[in-house]
Amino acid sequence: MAILFSANAFLTASLVLVVLAFFTKRKIREIYIDVLAIACSYDLLSSSFKGGEDTFHFSLFGNPVVGLRGQEARKTFFNERSFSTSEGYKMFSKAVPMPELAKTLLSAEEEHGAHFRKQLDILVNKNRFAEIIATMLSDIQRAMATWNDEGTMDPFDKINDITFLVTARMITSSDFVSHPVDFSQFQENFFTQLNSTPTMIFLPWFYRAAQREKEIAITSLFTKLTAYLETREISDASAAEPIDVLLAHGLNTQEIIQFIIGFLFGSVYNTTKAVSWILIYISLHPHWISSIRSEVEGVLSGVPIDASEPLHSKLSQVPIEAWEDSMPILDLIISETLRLTMNQTVLRRNVGEDVQIPGGNGSVPSGAFAVYSHADAHIQPEIYPEPWSFKPERFKQGISRVSNDFLGWGAGRHRCVGMRIAKLIIKAIVCLFVMNYDYDIRRTKRRFSSTMSIPVPDYNKVNEARPKGEVITLRYKRIGQTI
């Protein structure tokens, strides 16, 4: 899979740009980035590079954009120090600096990344894993216990509620998530402030009400968190809660709020996507469900536990080493699911000197945007034979970090700092669901005929990644009373 900017899309977008500039009185340079954001969506990136070339150059009003493909270009994209993630995505906030890029941009980005990792390490470390696992499993159990014993559900909604609860609890406290109405409003505000679509960018005057809702949601989030932190600082409550740990390490209110919002954004969408698609794919290949159940039973057999305890309590006694190293089948399933679902287009901006792609395969000029689709690696039959088939066993030989052929957890200098905890959340939800429910899937409202052997996400809707051209629901039935 390679990348090509559609000429028709470019012309259409350019015309829209001129019309927008006329009616909104905005400068063309202020909104060229809106066109770039839409023009580089998955549907407008094709596999038609010129023969032997791994770069595709085009320009938007004097600002160079470079599409990349191939292993060497991929290595450069994820490893080049001067390729800035924050500057690449500033286009979505209309804050791309047009003059000469300051040399401090890169150091500022790296400082922010290091600061986030430091905050994450405060909460997620070997001294707190036992507590994290027990709390996480208890939260998942409590959420699943509210479901009917049997029924039909949209996994992307139900699993999203669980991941948001688990993630928020992990970085705040039990009292923050214990009030259903308040917490539900907090969750709604969180997703409202992230609600953006291409048409909202292109036609902002049609979406003034939605923009206002976003502003209200953002204000409500920060007001809620600020008040909560101020109350927590003078509270006599237990100092063992995650939020108290952050406060005890000297983080101020602004730092903690930024961390909470950033952690939720980085965790909830991707975890929901992974769990939902795992449940869909293993339902289509039920021998993997049997394999997971056998694996969980094997892990539990090695732990001295009371057989009368509920499942979530038994699993909470499984040591972190077993969660990470004794579930190889689930690890294979996670990797294959990420390969099929994490195929978004990602962006960078070169804030340094011109960068040459090794092997004489073109260059990325200073100041240019670089665009790369994960599908270039994940859906390449030369790398993954039968790429549209669900075959977790293909990862039995492990994942090479040298070639960067697997990008599910990022690559190079841009690896997911929360991979360890994300895997743990995914495994906990999948294990509890599979051990407690028999289920199958229903595929309805199919709007297209596909030659693919499995359903696939809509890669243009990166955050939700719901099935493309159809609706998939789970029909489930609880097995006994094992929760």
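Ring-plane geometry between Phe390 and Trp288 is classed as perpendicular, the angle between the planes exceeding 60 degrees on a 0 to 90 degree scale with a lower cut at 30. The aromatic rings of Phe77 and Tyr372 sit tilted relative to each other, their planes meeting at an angle between 30° and 60°. Ring geometry, Tyr476 versus Tyr437: the interplanar angle exceeds 60°, so the pair is classed perpendicular (tilted spans 30 to 60°). Ring pair Trp277/Phe156 is perpendicular by interplanar angle, where above 60° counts as perpendicular and below 30° as parallel. Ring planes of Phe116 and Phe259: tilted class, angle from 30 to 60°.
Annotation: salt bridge (Lys or Arg N to Asp or Glu O under 4.0 Å) contacts involving residues 326-338, sequence neighbours excluded, comprise Asp331-Lys427, Glu336-Arg339, Glu336-Arg394.
At a threshold of 4.5 Å between non-hydrogen side-chain atoms, the residues Ile429 and Met136 do not count as touching. Here the side chains of Cys431 and Met327 are in contact, with some heavy-atom distance below 4.5 Å.
Residues Asn343 and His374 have side chains that never bring a donor and an acceptor to within less than 3.5 angstrom of each other. In this structure, a donor-acceptor pair under 3.5 Å is present between the side chains of Gln187 and Asp161. Side chains of Asn350 and Ser82: a donor-acceptor N/O pair is present below 3.5 angstrom, by distance only.
In this structure Glu324 satisfies the salt bridge (Lys or Arg N to Asp or Glu O under 4.0 Å) test together with Arg420, sequence neighbours excluded. The side chain to side chain donor-acceptor pair (under 3.5 Å) check on Thr163 picks up Thr272, with sequence neighbours excluded.
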Starting from the C-alpha separation in whole Å, work towards a yes-or-no answer on ring-ring contact (aromatic ring centres under 6.0 Å, His included) for His414 and Phe83.
-> CA-CA 10 Å; His414 301 276; Phe83 281 12; 8.7 Å; no

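Checked against the 6.0 Å centroid threshold, Phe265 and Phe190 do not count as a close aromatic pair.
Only one option out of Asp376, Val364, Val371 pairs with Leu68 in a side chain to side chain contact (heavy atoms under 4.5 Å, CB included); it is Val364.
Note that OH of Tyr281 and CD1 of Ile454 are 4.0 Å apart. Values are rounded to the nearest 0.5 Å.
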